[in-house]
Structures are given as C-alpha cells and as structure tokens.
Amino acid sequence: MREFEIYVPLHYNDGAPVESAKLDGLRKRLFDYFGGLTDTRQQNSGTWKVGNVVFHDEIVIYRVLAVKQHPARSFLMKLKDELERELRQEEILIVERKIEVL
C-alpha cells in the first residue's frame, strides 16, 4: 500500500489567499478518486532557501492511501501539473511512502 501527501499552499506567490472553493474542489477530487482522504485542518508552514532567497509558505497537507501504486501515481502527476498551473506555483510537493497497515 502507498501513502501520498499533497502539500498545498494556502497563498498564491503574490500573497493573496487561495480561494476556499479551490481547496474544497481539490478535497472532493481526492476523495472521489481515492475513496477517502485525511485533512487534519492543521495549518503548517514551510521555509526553504534557493540561492540567496528564502521562501516561506503556509500550507495544508492532504493525505491519501492507494492499494495500486501506478494508477495513483499517474493521477497525482496529472493533478500536480494542474495544481502548479492553477495555483501559479513553481512546484507542488507530493510525497510517496510505502506503508504497511496493521
């Protein structure tokens, strides 16, 4: 089984907040595809450095589980491209882990 975490920024690069309707639509899309998701509603922040520039972002992390790795990866790669365009981001981070359910 695979676990995927999708790190979604809560603000566009110009500082304007991402509309809640976009986040609601993303949650629905993930739920419809994976049959469930974890949305802790806990706001997180991240900081990273590229060259001499430090970036700071507030994010929410959505977690989904998939039994079949390859169809899930294909879906998420397409979603990643769409989110990067829609949210005007250089990169959307998606983390994949192999997990075992007890």
Q: So does E3 pair up with K98, basic N to acidic O under 4.0 Å?
A: no
Q: What distance separates L76 CG from K78 NZ, expressed to the nearest 0.5 Å?
A: 12.0 Å
Q: When rounded to the nearest 0.5 angstrom, what distance separates OG1 in T38 from CG in L30?
A: 11.0 Å
Q: Any ion pair linking K28 and D32 (charged N to carboxylate O, less than 4.0 Å)?
A: yes
Q: Show the nearest heavy-atom pair for residues Y12 and E86, with the distance to one decimal.
A: CE2-O, 3.8 Å
Q: Under a 3.5 Å distance rule, please check whether E84 uses its side chain to pair with a backbone N or O of I92 as donor and acceptor.
A: yes
Q: Quick one, V8 and Y62 - any side-chain contact, counting heavy atoms below 4.5 Å?
A: yes
Q: Does Y33 have any side chain to side chain contact (heavy atoms under 4.5 Å, CB included) partners at least two apart in sequence or in another chain, and if so, which?
A: P71, F75
Q: Will you find, in the side chains of E91 and Y7, an N or O donor that is under 3.5 Å from an N or O acceptor?
A: no
Q: Decide if atom CD of E19 counts as having more than 12 heavy atoms of other residues, nucleotides or ligands within a radius under 6.0 Å.
A: yes
Q: Locate the shortest heavy-atom distance separating N13 from R88; write the atom from each residue and the value.
A: ND2-O, 3.0 Å
Q: Do L10 and I59 touch side chain to side chain, with heavy atoms closer than 4.5 Å?
A: no
Q: For the atom pair OG (S74) and NZ (K68), what is the distance rounded to the nearest 0.5 Å?
A: 13.0 Å
Q: Quick check: do P9 and L87 have side-chain heavy atoms less than 4.5 Å from each other?
A: yes
Q: With a 4.5 Å limit on heavy-atom distance, are the side chains of L79 and R29 in contact?
A: yes
Q: Look at the side-chain heavy atoms of Ile, Leu, Val, Met, Phe, Trp and Tyr, link any pair under 4.5 Å apart, and say whether M77 and V95 land in one connected group.
A: no
Q: What pair of heavy atoms forms the shortest contact from A66 to F34, and how long is it?
A: CB-CE2, 3.9 Å
Q: Residues sharing I99's hydrophobic cluster, by side-chain heavy-atom contacts under 4.5 Å among ILVMFWY, directly or via others?
A: M1, L65, V67, V101
Q: Tell me whether N52 at atom CG has more than 12 heavy atoms from other residues, nucleotides or ligands lying less than 6.0 Å away.
A: no
Q: Roughly how far, to the nearest 0.5 Å, is CD of E96 from CD1 of I6?
A: 11.0 Å
Q: Measuring only between side-chain heavy atoms, which start at C-beta, is R73 closer than 4.5 Å to F4?
A: yes
Q: Can you tell me how far CG of L37 sits from CZ of R27, rounded to the nearest 0.5 angstrom?
A: 8.0 Å
Q: Is any side-chain heavy atom of L26 closer than 4.5 Å to a side-chain heavy atom of L83?
A: yes
Q: Looking at E82 and R85, does any basic side-chain N land under 4.0 Å from a carboxylate oxygen?
A: no
